[in-house]
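Just below is one structure, and these are the notes that go with it.
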Number of protein chains: 2
Amino acid sequence: MKGGKGADGTKSAPGLRERSGTARPRMADVARIAGVSTATVSRALRQPELVSPEVRGKIAAAVEHLSYRPNLMAGALASARSKTIGVIIPSMINAFFSVTLEAIEEGLAGAGYQLLIGNSHYELETEERLIASMLAWSPAALVVTGCRHSRGAMRALLDTDVPIVEMWELTDNPIDTAIGFSQRDIGVAVARHFKERGARRLGFVGAMHQRDYRADARRAGFFETALSVGYEAPAEVQLPGLPTSVRGAKAFAELMSAHPDVDAVLCTNDIVALGALFEAQRLGWSVPERLKICGVGDVDFAAACEPGLSTVSLPRRAIGLKIAEVLRERIAGNLPTGGVHDLGFELVRRGST
Amino acid sequence: MKGGKGADGTKSAPGLRERSGTARPRMADVARIAGVSTATVSRALRQPELVSPEVRGKIAAAVEHLSYRPNLMAGALASARSKTIGVIIPSMINAFFSVTLEAIEEGLAGAGYQLLIGNSHYELETEERLIASMLAWSPAALVVTGCRHSRGAMRALLDTDVPIVEMWELTDNPIDTAIGFSQRDIGVAVARHFKERGARRLGFVGAMHQRDYRADARRAGFFETALSVGYEAPAEVQLPGLPTSVRGAKAFAELMSAHPDVDAVLCTNDIVALGALFEAQRLGWSVPERLKICGVGDVDFAAACEPGLSTVSLPRRAIGLKIAEVLRERIAGNLPTGGVHDLGFELVRRGST
DNA sequence: ATGAAAGCGCTAACAC
DNA sequence: GTGTTAGCGCTTTCAT
């Protein structure tokens, strides 16, 4: 097989049923061999309990014999729904979402669902486009990241009957169901933690504040709480571009050279924090005595660092599993819309604070 | 909308065309409003150059007016192909594949393709299942990781006319097209590098050798070359479970306590290597003088470490971009089957060796 | 418990 | 350039 250049585009004239030798078997073939109608075959495949064991056996044999595989598109078209779950994430590289994705997949793959994945690149317009094209597949459900959407996206999401889950964030007004945690409270928690640990002056290393509004919510919580517990506004640097360790190290160095009095820094994520930790080491600042560093995410190396990196553990996997659970119920129609699930987060103190 | 509990399952009797107030418009609606046939609408949408500008305008207006979105499943069923690309990776968490995925998406999303993603969990049987269910969607192409497949998977892949790409590995006999690099040669290159740097005794920290046969190929190249350039067989530890920094640190400590003469260690990936680096630091072994450490992957923190982590840079992104490029050609039918693209890798020496 | 028949919404010959 | 027509392969009433 494997039609190379000039594939033998055998497309018989309409009306003629001549197919090239080994065409993919259709349900009609199974029906014929089993001596029943396609309706019965369809039933046997989707609601076996409605078919007599005897007939069911014959059908199973025919299916086996032909190695029949149903054409999912035909089924989806006829029933107006497909065993597909659309998931839109803002980045495929960010390990946070990968873990959630894997958990969704684990929780749903068993039930025969496929994930259709879209990458919004943190752009609301791209998200809108993706939502439209995913809905065009009549997915069984659609999962989007965050609760902020363009007007058009909002309209599309409200208009459809497809179950929608907004994840990685909370809102009072979910489109359908929201599963996540409060990003803002993370900033609050870290600011308080620094206070408790006796820090005198806070710093912040951020990234993509104009695009990643969730990261921005964390920052806002951090700044507001800092002020409210008696600090002056934290010193701040923003990374140019994606948050990487190398950029984190550099930005951190800048921050410290501009504000040498800073003695506690929150980094927008662990990758950046790791860069800062290495840079502190190179600069000879002792951690946590002279300088405290905290990340966000609790990625696996955070526990392996020297000193261990204090960070905020996010329910990355829990979000995915919860989504799978809720979706199974929503799809089955057993669950009302409007649920908001706060899965929380945890400040993990290690050696760096 | 958002049918909660008792969705108003309005499913009109066959034959009747009464739809609840605001049903999704169909192509026939557009055709009627524009005063043309559905065939013309279809053309205007897919091959505008075949339709007169005038009519095209009317159709565009009607589409706009109804906010019509074509039902992709109907189109896919009728044309027997969908604008979907199936991609099967062994892990969603492994950042290697995420980058490739993102690159595939970038190269193809513009052309209107959607990614259907499957996770094989490094299991050949799971891969086989995924291949079958993805082919049932008549994807425009299917991308699988690696060149090793179960018998059933092999048969399915050879039988279909869907373009297939095997990635992250090379073979003399691709099913269709292979895009990757030689895993084995990585081990060879690192062993030689250690020799050049004057190492006396080699060590290896591996993981999942029973499942990740690509990692195993690297190991094999490393061991064979070690012997052939005059070393005794490298001392070895295998991580129990997934390769993480914490486990890497622990395994590395074990390795060194069992074989204190080892002075150069290859870790199966950078995450593990980072753990080893931290552990070496804790143990007070100077890197690279007393001990050389090399990882695989060149993840972003490798350049930020202190000392910088020597590692093997893999063409993660290049693979994805190449796949997109090749696929566009293959789908258009301009490219013959049988291509093998070696994208190479690069040993990046930093401070740790 | 099973079958007949009418679509699901679109595409693709082919004829004009 | 545009319309006609016959499906794509399955699901789903409805009748038996």
Side-chain angles (χ1 to χ4, degrees), chain A residues 9-19 23-32 34-59 63 66 68-83 135-138, chain B residues 9-19 23-32 34-59 62-63 66 68-83 135-138 140:
Chain A
T10 307
K11 246 310 189 178
S12 44
L16 289 177
R17 271 239 123 290
E18 45 159 307
R19 337 181 101 239
R24 236 178 111 188
R26 297 155 307 143
M27 191 180 273
D29 300 326
V30 175
R32 191 162 28 72
V36 296
S37 73
T38 61
T40 302
V41 175
S42 181
R43 276 185 212 109
L45 260 32
R46 358 188 56 255
Q47 312 177 72
E49 66 279 10
L50 298 185
V51 176
S52 73
E54 187 193 4
V55 173
R56 217 187 295 161
K58 281 190 202 163
I59 292 176
V63 165
L66 295 173
Y68 167 74
R69 312 250 18 168
N71 179 322
L72 298 184
M73 286 180 316
L77 176 60
S79 64
R81 59 202 137 77
S82 71
K83 281 225 161 189
L135 287 179
W137 283 104
S138 309
Chain B
T10 307
K11 248 306 191 184
S12 45
L16 290 177
R17 269 240 122 288
E18 46 160 306
R19 334 181 105 242
R24 234 178 113 187
R26 296 155 308 141
M27 190 179 273
D29 300 325
V30 175
R32 190 161 29 71
V36 297
S37 71
T38 61
T40 303
V41 175
S42 180
R43 278 185 210 108
L45 260 32
R46 358 187 54 253
Q47 312 177 74
E49 65 279 9
L50 298 184
V51 175
S52 73
E54 187 193 3
V55 173
R56 217 188 295 161
K58 281 189 203 165
I59 291 175
V63 165
L66 295 172
Y68 167 73
R69 311 249 22 167
N71 179 322
L72 299 183
M73 285 179 317
L77 176 58
S79 65
R81 60 202 136 80
S82 72
K83 282 224 161 189
L135 287 178
W137 283 104
S138 308

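Being a predicted model, the structure only gives us computed values, none of them experimental.
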For this session: May I ask you to evaluate whether Thr38(B) reaches the phosphate of dG9(C), defined as a side-chain N or O under 4.0 Å from OP1 or OP2?
Result: no
For this session: Mind calculating the distance between OH (Tyr68(A)) and C1' (dG9(D)) to the nearest angstrom?
Result: 7 Å
For this session: Return the 5'-most residue of the pair Val55(B), Ala74(B) with respect to DNA chain D, ranking by each residue's nearest nucleotide.
Result: Val55(B)
Problem set entry | Within 6.0 Å of CD in Glu54(A), more than 12 heavy atoms from elsewhere | no
Problem set entry | Sugar-phosphate only, base, or nothing, as touched by Arg46(A) at under 4.0 Å among non-hydrogen atoms | sugar-phosphate
Exercise. Nearest-Å distance, CD (Glu49(A)) to C1' (dT2(C))?
Worked result: 15 Å
Problem set entry | Distance in angstrom units between Leu50(A) CG and dT2(C) P, rounded | 10 Å
Exercise. Are Ser37(A) and dG3(C) close enough that a side-chain N or O sits under 4.0 Å from OP1 or OP2?
Worked result: yes
Exercise. Taking the side chain of Arg43(A) as heavy atoms from C-beta outward, which of dC10(D), dC14(C), dG3(C) is closest to it?
Worked result: dG3(C)
Problem set entry | Check: Ser138(A) side chain, Ala76(A) main-chain N or O, donor-acceptor pair, under 3.5 Å | no
Exercise. How long is the line joining CZ of Arg32(B) and C1' of dC10(C), in whole Å?
Worked result: 16 Å
For this session: Give a yes or no on whether the backbone of Arg24(A) and the side-chain of Arg69(A) come within a donor-acceptor separation of less than 3.5 Å.
Result: no
Exercise. Nearest to the side chain of Asn71(A) - dG3(C), dT11(C), dG9(D)?
Worked result: dG9(D)
Exercise. Would you find a donor on one side and an acceptor on the other, under 3.5 Å apart, between the side chain of Thr40(A) and the backbone of Val51(A)?
Worked result: no
Exercise. In whole angstrom, what separates Arg81(A)'s CZ from dT11(D)'s P?
Worked result: 10 Å
Problem set entry | Rounded interatomic separation in angstrom, taking CG from Leu45(A) and C1' from dT12(D) | 15 Å
Problem set entry | Closest to side chain of Leu77(B), choosing from dT11(C), dT12(D), dC8(D) | dC8(D)
Exercise. Ala78(B) side chain: which of dC10(D), dT11(C), dG3(C) is closest?
Worked result: dT11(C)
Exercise. Of the non-hydrogen atoms in Ala28(A) and Thr38(A), which two are nearest, and what is the gap between them?
Worked result: CA-CG2, 3.8 Å
Exercise. Whole-Å distance between dA1(C) P and Ile59(A) CD1?
Worked result: 13 Å
Exercise. Over how many whole Å does the gap from Met73(B) atom CE to dC8(C) atom C1' extend?
Worked result: 9 Å
Problem set entry | Arg32(B) vs Asp29(B) side-chain heavy atoms within contact, under 4.5 Å | yes
For this session: Consider the side chain of Met27(A), meaning its heavy atoms from C-beta on, and name the nucleotide among dT2(D), dC10(D), dT4(D) that approaches it most closely.
Result: dC10(D)
Seminar exercise, completed: Quick note, Val36(A) side chain, CB onward, closest among dC8(C), dG3(C), dA12(C) is dG3(C)
Problem set entry | Contact under 4.0 Å: Ser42(A) side-chain N or O vs dT11(D) OP1/OP2 | yes
Exercise. Less than 3.5 Å between a donor and an acceptor, one on the side chain of Arg24(B) and one on the base of dG9(C), is that the case here?
Worked result: no
Seminar exercise, completed: Regarding the side chain of Ala39(B), the nearest nucleotide among dC10(D), dT12(D), dT4(D) is dT4(D)
